Amino acid sequence: MTDEFGQSDSRPDEILSNPDCAQVPLGIPTDLHMAGMNAALHRWPSVETQSVPMLGKAPFVPAWKPHWQKVKVFRLTFPDGMEFLPPKKEDDDDKPKLKTLKPPKAKGDASKKKPTRLKAPEDALSLEDRLFYVLQPPLQTWLSGQELIMPFEPFPYQYEGIAWLFAQKSALLADEMGLGKTMQTITALRLLLRSGRVRRVLLACPKPLIPNWQREFKLWAEELPIVTVEGDTNRRNMLWKMPGNPILICNYESMVRDFDNMHEDDRPEFDLLILDEAQRIKNRNSRTSEVTKDISRKRSWALTGTPIENRPEEMVSLFEFMEIVPPRGTPDLRQLQKLSEVYVLRRTKDLVMTDLPPRLDRDEHLELLPAQEHAYKTAEKEGVIQLNDMGESISIQHVFELVLRLKQISNYDPLTGESAKMDRLAAEMEEIAASGGKAILFSQWTKTLDWIKDEMTKRVPEAGTLIYHGGVPTKKREPILDQFENDPSSNLLLMSYGTGAVGLNLQFAGYVFLYDRWWNPAVEDQAINRAHRIGQKSPVIVTKYICKDTVEERIDLVLQQKRELFKAILGDGDTSTESLSMNASEIFGLFDLKAKAGKGTKKIGPEKSEGLDDSKHAA
């Protein structure tokens with residue numbers, strides 16, 4: 001019988017016999033001979049060493065700068081989804097079909113605006129930091145959300161400025177006046193706070209500008225709580241130390257006093273320090289500059305349209321505050337240019353607002369009339385003699401008084417009434433009034449404006465000359481501006497720099513006359529910008545009167561040289577708004593002043609160079 005596997009259930013020993021087994025050795029026998037050949041296998045090999053001299057000094061290693069390759073991207077356009085149209089009604093077939101009329105399209109595809117992306121700063125080396133900027137949505141998308149309400153749509157160049165500030169730890173925003181530095185700063189600060197990049201901010205500005213910043217914060221970032229550091233000493237100290245205030249606003253004077261009185265360990269720390277009108281720290285040795293640079297911070301922003309007023313060292317002081325130049329560093333002009341390319345952003349109206357009509361500047365060099373020339377030369381000769389006799393006791397105020405006297409004679413001779421400028425103005429206003437144009441004239445002195453009004457009333461009565469300066473009562477000022485705008489027979493408005501340079505919109509005027517020159521070109525451009533601004537539809541012709549062989553010509557030459565310095569550091573573009581006010585040394589240099597010294601003479605000059613304060617010389 002067999003089982004299920006086909007095996008017999010009989011005993012195995014009855015079927016198979018025992019197998020045969022044998023042992024086979026696996027080792028290989030070897031014989032050792034007495035020759036001693038195999039004995040070498042048990043000896044260690046001999047090792048020889050050799051000394052090689054190393055380099056004593058490392059060679060020059062160039063500065064390493066990371067190079068990030070651009071990521072290749074491609075764009076896919078997905079088809080629109082299927083639109084489910086409602087079924088047509090039976091009555092629609094009987095009605096005549098009307099063709100939809102669309103408005104004509106403007107030239108260029110204005111609807112497709114190029115989105116502004118955040119760019120990682122050059123000093124962001126870690127992948128995490130760079131991805132933070134790369135993965136952010138376009139700035140337009142970020143700001144169009146429900147939580148970030150913008151009262152107005154920013155211009156494209158303003159989007160670029162916001163994105164640039166957001167990514168910079170050290171930044172100098174030097175846009176021309178009127179391009180919105182305040183709005184760009186507030187919006188970038190708004191994004192930094194919401195993204196958690198900063199938590200505590202200090203904004204320092206001149207005291208008169210604090211209400212302006214408060215108003216702009218309320219307009220552009222109403223949700224941000226701001227605290228103004230003001231009041232007596234105890235209140236200010238409490239505000240400095242009070243936690244939970246993300247944005248503090250203070251003026252330079254109180255900031256310096258308060259930080260001087262604080263112990264170094266008690267001074268507050270900030271994630272971001274913003275300086276408005278940053279030229280206030282242009283002097284390295286000033287206490288304001290020293291205290292500001294000692295404030296503990298992680299980011300440093302400077303706002304000014306006038307980073308250079310007199311010397312390149314003022315730009316270096318701003319770079320020290322931004323911590324991109326070591327303390328007391330002395331970079332040359334080439335190095336300043338390189339740093340400006342990375343850390344300075346400057347745009348001008350002629351570059352970013354291409355739809356604004358051009359501004360045409362012309363300098364009218366006039367020769368003094370005979371009686372006017374005699375009065376001028378006599379006053380200059382007598383004034384220089386008097387200053388030379390004063391010797392070392394002379395001051396900037398003495399020289400300044402002589403300059404003012406000569407500038408007034410260049411306007412008109414007070415004895416004879418002769419004026420080369422008046423003759424030219426009357427001839428030009430005859431043509432402007434005949435064509436129905438509007439012109440604004442600026443002067444430094446209210447008495448000069450009163451004299452011009454009387455002369456224009458006699459010579460060109462059809463011009464309908466109006467006057468607007470600090471001597472006009474406040475209640476009468478607005479009716480004067482309304483008459484100038486709406487009355488076709490009112491073609492000329494006389495204004496002082498101090499009263500008419502800011503806060504007025506006169507973009508309906510196409511002509512601007514600068515009867516005499518101000519010390520600071522920025523003040524002149526503020527006056528010109530009353531007419532050359534958004535809303536102007538025609539080119540603005542700016543005429544500057546300069547009398548030949550007078551102090552006016554010398555002042556214009558000094559200011560022109562400063563413009564060239566400004567352009568050399570910050571690059572090309574319209575540099576008409578930079579603050580290049582003359583300093584004391586340059587005022588002395590307008591005359592060849594010499595004092596007696598023993599048997600000879602020596603040149604007279606100030607002990608140190610100081611800029612003029614425009615507020616002290618207003619009309």
Side-chain angles (χ1 to χ4, degrees), residues 165 168-174 181-182 185-186 188-189 192 198-210 212-213 226-231 233 236-237 239-241 245-331 336 339-340 343-345 579 608 610-611 613:
L165 281 175
Q168 293 292 327
K169 292 185 178 180
S170 301
L172 172 57
L173 184 59
K181 291 190 292 293
T182 301
T185 303
I186 292 177
L189 175 59
L192 285 172
V198 300
R199 298 184 182 277
R200 187 167 172 82
V201 182
L202 174 61
L203 190 152
C205 65
K207 189 175 183 179
L209 296 184
I210 289 182
N212 179 67
W213 277 100
I226 59 174
V227 175
T228 304
V229 182
E230 56 187 359
T233 303
R236 294 199 307 273
N237 289 335
L239 293 175
W240 284 119
K241 300 176 182 179
N245 296 330
I247 303 176
L248 297 178
I249 302 178
C250 68
N251 63 73
Y252 285 102
E253 291 75 18
S254 64
M255 179 185 70
V256 172
R257 289 196 302 267
D258 293 343
F259 274 75
D260 276 339
N261 295 330
M262 292 182 190
H263 189 271
E264 187 174 354
D265 297 335
D266 297 334
R267 293 181 178 179
E269 298 180 354
F270 299 93
D271 296 318
L272 172 61
L273 174 58
I274 306 174
L275 300 186
D276 187 22
E277 299 296 334
Q279 66 271 15
R280 293 288 293 269
I281 64 168
K282 65 181 182 180
N283 185 358
R284 285 178 166 182
N285 299 322
S286 67
R287 188 57 187 158
T288 301
S289 178
E290 294 175 351
V291 171
T292 303
K293 296 172 184 177
D294 286 341
I295 296 178
S296 178
R297 62 198 181 276
K298 297 178 181 178
R299 294 175 181 244
S300 304
W301 292 356
L303 312 177
T304 175
T306 59
I308 301 176
E309 292 187 342
N310 297 297
R311 301 174 303 277
E313 289 77 9
E314 297 166 356
M315 191 78 166
V316 178
S317 181
L318 293 178
F319 284 161
E320 282 186 5
F321 161 73
M322 295 159 58
E323 298 181 329
I324 58 178
V325 169
R328 299 298 170 181
T330 56
L336 288 178
L339 292 174
S340 299
Y343 298 102
V344 179
L345 179 62
S579 175
K608 64 178 181 178
E610 297 179 352
D613 184 359

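Note that the coordinates shown come from a computational prediction; the quantities given were computed from them, not determined experimentally. For the numbers below, each heavy atom of this structure counts, side chains included, while hydrogens, waters and symmetry mates do not. Heads up: numbering here begins at 1 and tracks the sequence.
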Just so I know, are the side chains of Thr292 and Leu273 near enough to count as touching, which here means a heavy-atom distance under 4.5 Å?
yes

Distance-only donor-acceptor check, side chains Ser317 and Lys293, under 3.5 Å:
yes

Kindly determine whether Asp271 and Arg200 satisfy salt bridge (Lys or Arg N to Asp or Glu O under 4.0 Å), including the steps that lead there.
CA-CA 5 Å; Asp271 296 318; Arg200 187 167 172 82; over 6 Å; no

Heavy-atom pair with the smallest gap, counting every atom of Gly329 and Val325
CA-CG1, 4.2 Å

Considering the options Glu313, Glu314, Glu320, which one meets the side chain to side chain donor-acceptor pair (under 3.5 Å) requirement together with Arg284?
Glu320

So ring pair (Phe, Tyr, Trp, His ring centres under 6.0 Å) across residues 250-306, not counting sequence neighbours, yields Trp240-Phe259

Set out, in order, the CA-CA distance, both residues' side-chain angles and the distance that settles side chain to side chain contact (heavy atoms under 4.5 Å, CB included) for Leu189 and Leu203, then state yes or no.
CA-CA 11 Å; Leu189 175 59; Leu203 190 152; 5.7 Å; no

Beyond-backbone contact of Ile210 with Glu230, side-chain heavy atoms, under 4.5 angstrom:
no

Please round to the nearest 0.5 Å and tell me the distance separating atom CD1 of Ile186 and atom CG of Leu165.
12.0 Å

With distance as the sole criterion, is a donor-acceptor pair present between the side chains of Lys181 and Thr185 under 3.5 Å?
no

I want to check something: taking the side chain as every heavy atom from C-beta on, are Leu172 and Met315 in contact at a cut-off of under 4.5 Å?
yes

side-chain contact (heavy atoms from CB on, under 4.5 Å) filter on Asn261, not counting sequence neighbours, yields none

Taking side-chain contact (heavy atoms from CB on, under 4.5 Å) as the definition, give me every residue that meets it alongside Arg287, ordered by chain and number, with sequence neighbours left out.
Val256, Asp260, Glu290, Val291

Side chain to side chain contact (heavy atoms under 4.5 Å, CB included) between Val316 and Leu336: does it pass, once the steps are laid out?
CA-CA 8 Å; Val316 178; Leu336 288 178; 3.9 Å; yes

Going from CG on Leu202 to CD1 on Ile249, what distance comes out if it is rounded to the nearest 0.5 angstrom?
9.5 Å

Provide the closest heavy-atom pair for Val229 versus Leu239 in the form atom of the first, atom of the second, distance.
CA-CD1, 3.9 Å

For the residue pair Ala171 and Gln168, what are the closest heavy atoms and their distance?
CB-CB, 3.7 Å

Rounded to the nearest 0.5 angstrom, the OG-OH distance for Ser170 and Tyr343 is 6.0 Å

Is it true that Lys169 and Glu323 make a salt bridge, defined as a side-chain N closer than 4.0 Å to a carboxylate O?
no

Ignoring hydrogens and geometry, is there a side-chain-to-backbone donor-acceptor pair from Ser296 to Glu269 under 3.5 Å?
no

Rounded to the nearest 0.5 angstrom, the CG-CD distance for Leu303 and Gln279 is 10.0 Å

For Asp276 against Cys205, the heavy-atom pair lying closest together
CB-CB, 3.7 Å

If I take atom CG from residue Leu275 and atom OG1 from residue Thr304, how far apart are they, to the nearest 0.5 angstrom?
10.0 Å

Report the distance from atom CZ of Arg280 to atom OG of Ser289, rounding to the nearest 0.5 Å.
12.0 Å

